[in-house]
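Working notes, structure below.
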Amino acid sequence: MAFENLLLDQSGAVAIITVNRPKVLNALNAPTLDELRRAVLDMKRDDSVRVVVLTGAGEKSFIAGADINELAVQTPITGREHALLGQHVFDLFENLGKPVIAAINGYALGGGCELAMACTLRIAADTAKIGQPEINLGIIPGYAGTQRLARLVGKGKAMELILTGAQITAAEAERIGLVNRVVPAASLMGEVRSLAAALANNAPIAMRYIINAINKGLEMPFAEACVFEATLFGLVAATEDMKEGTRAFLEKRKAEFKGR
Ligand code: COA
């Protein structure tokens with residue numbers, strides 16, 4: 001399927017989505033958001049994809065937010081629909097059921113920070129700048145930034161970042177838990193590819209249930225979440241991969257997981 005604003009690449013079980021609007025620092029306009037929706041749904045269906053990487057074209061920017069040309073003309077009605085659509089697309093990334101690694105290669109601002117937060121893991125170049133600058137435009141985050149940021153870094157830091165609109169360095173983002181790891185810009189894609197390759201060797205159904213248990217469990221009361229976890233724990237016992245993983249350990253060899 002052809003995409004105008006995305007580049008898609010697959011090597012082995014790792015698919016790479018690159019948002020490709022470098023002239024506007026990969027800002028997300030409506031067609032790009034729709035292409036992201038289609039791409040992520042394709043990857044959900046495609047069993048040959050076990051891990052997804054999301055990055056931005058060029059060296060300067062991951063994604064510099066929603067396209068401000070569109071924001072400038074929005075009405076109360078289109079603004080609400082726009083936010084709901086963005087939230088829906090980002091939910092698809094969060095709940096893809098396969099790890100999605102955000103390779104943050106530069107500015108991750110506004111919708112860029114929000115999309116990175118919807119990813120499963122975030123690896124940032126040491127040159128990246130991250131923030132929610134909506135306040136500088138007289139608006140607020142609309143792609144669930146107020147919610148995911150508070151859940152990731154805590155209420156106090158989320159309030160500070162969103163109220164000030166500050167752009168923080170990758171090192172500061174790592175310190176507060178907004179990104180998992182910072183690496184030199186030149187080695188970003190190498191590091192991300194090797195993490196993706198390692199994850200691609202893991203049991204796909206177990207990874208899906210881990211993502212599901214953490215995402216859904218955090219929305220539930222603790223005791224219910226534990227029952228949910230126990231149910232998924234029981235369910236993986238039905239997989240060939242559980243038999244292979246435990247047998248491989250006992251036979252002192254490397255497991256080969258099939259996703260069954
Ligand atoms: N929407 C639309 N266009 C954007 C954009 C966005 N979110 N972010 C950057 N661009 C465009 C700029 O308008 C500029 O276009 P031009 O060459 O036609 O003038 C081009 O991308 C390059 O950006 P520029 O501002 O010249 O680069 P810079 O290095 O001086 O600054 C940023 C980089 C990221 C600090 C700055 O572009 C910026 O603040 N962008 C907006 C970030 C934002 O508020 N995002 C949240 C939106 S809700």
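Counting convention: from 1, in listed order, for ligands and their atoms alike.
With a 6.0 Å radius and a threshold of 12 heavy atoms from other residues, nucleotides or ligands, E251 has its CD atom above the threshold. The neighbour count for M159 CE, taken as heavy atoms of other residues, nucleotides or ligands under 6.0 Å away, does not exceed 12. Crowding of D47 atom CG: a count of heavy atoms from other residues, nucleotides or ligands under 6.0 Å not exceeding 12. Within a 6.0 Å sphere centred on CD of E59, other residues, nucleotides and ligands contribute 12 heavy atoms or fewer. Atom CD of E229 sits in a sparse spot, with 12 or fewer heavy atoms from other residues, nucleotides or ligands closer than 6.0 Å.
The closest approach between L71 and ligand 1 falls below 4.0 Å for a heavy atom of the residue. For the ligand labelled ligand 1, residue P133 lies inside the 4.0 Å heavy-atom shell. Heavy-atom distances between Q132 and ligand 1 stay at or above 4.0 Å for every pair.
Expressed to the nearest 0.5 Å, how far CG of D241 lies from NZ of K258 amounts to 8.0 Å. In this structure, SG in C119 is found 10.0 Å from CG in L96, a value given to the nearest 0.5 Å. A distance of 7.0 Å separates CG in N95 from CG in N212, rounded to the nearest 0.5 Å.
In terms of polar-atom proximity, defined here as any N/O pair under 3.5 Å, A64 does make such a contact with ligand 1. By the 3.5 Å distance cut-off applied to N or O atoms, L109 is not counted among the residues near ligand 1. At a 3.5 angstrom cut-off on N or O pairs, K60 counts as close to ligand 1.
If you check which protein heavy atom lies closest to atom 36 (C) of ligand 1, you get L25 CD1, 4.6 Å. Regarding atom 35 (C) of ligand 1, its nearest protein heavy-atom neighbour is Q167 NE2, 3.8 Å. Closest to atom 41 (C) of ligand 1, if we only count protein heavy atoms, is I68 CD1, 3.7 Å. The protein heavy atom nearest to atom 11 (C) of ligand 1 is V24 CA, 3.8 Å.
Atom 29 (O) of ligand 1 is flagged as protein-proximal [any protein heavy atom, distance under 4.0 Å]. In this structure, atom 45 (N) of ligand 1 has a protein heavy-atom contact shorter than 4.0 Å. There is no protein heavy atom closer than 4.0 angstrom to atom 38 (C) of ligand 1. Distances from atom 16 (P) of ligand 1 to the protein include no heavy-atom value under 4.0 Å. Taking a distance limit of 4.0 Å, we find that atom 1 (N) of ligand 1 is approached by some protein heavy atom. Shown here, atom 33 (C) of ligand 1 is in close reach of the protein: a heavy atom of it lies under 4.0 Å off. Distance check on atom 8 (N) of ligand 1: some protein heavy atom falls below the 4.0 Å cut-off. Within 4.0 Å of atom 13 (O) of ligand 1, not a single protein heavy atom is present.
Neither side chain, T18 nor N20, offers a donor N or O lying under 3.5 Å from an acceptor on the other.
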Determine whether H88 and Y143 satisfy the following criterion, ring pair (Phe, Tyr, Trp, His ring centres under 6.0 Å), listing intermediate values before the conclusion. CA-CA 9 Å; H88 167 67; Y143 295 157; over 10 Å; no

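Counting heavy atoms from C-beta on, the side chains of V51 and K98 never come closer than 4.5 Å.
Across the listed options S61, A66, G111, A66 owns the non-hydrogen atom lying nearest to atom 47 (C) of ligand 1.
A salt bridge links R151 with E219; the closest basic N to acidic carboxylate O contact falls under 4.0 Å. Residues K243 and E240 are not paired through a salt bridge, judged by the lack of any N-O separation under 4.0 Å between the basic side chain and the carboxylate.
Contact annotation for K23 and ligand 1: only backbone heavy atoms (N, CA, C, O) come within less than 4.0 Å of the ligand.
With ligand atoms numbered from 1 in the order given, ligand 1 contributes 48 (S) to contacts under 4.0 Å with heavy atoms of E134.
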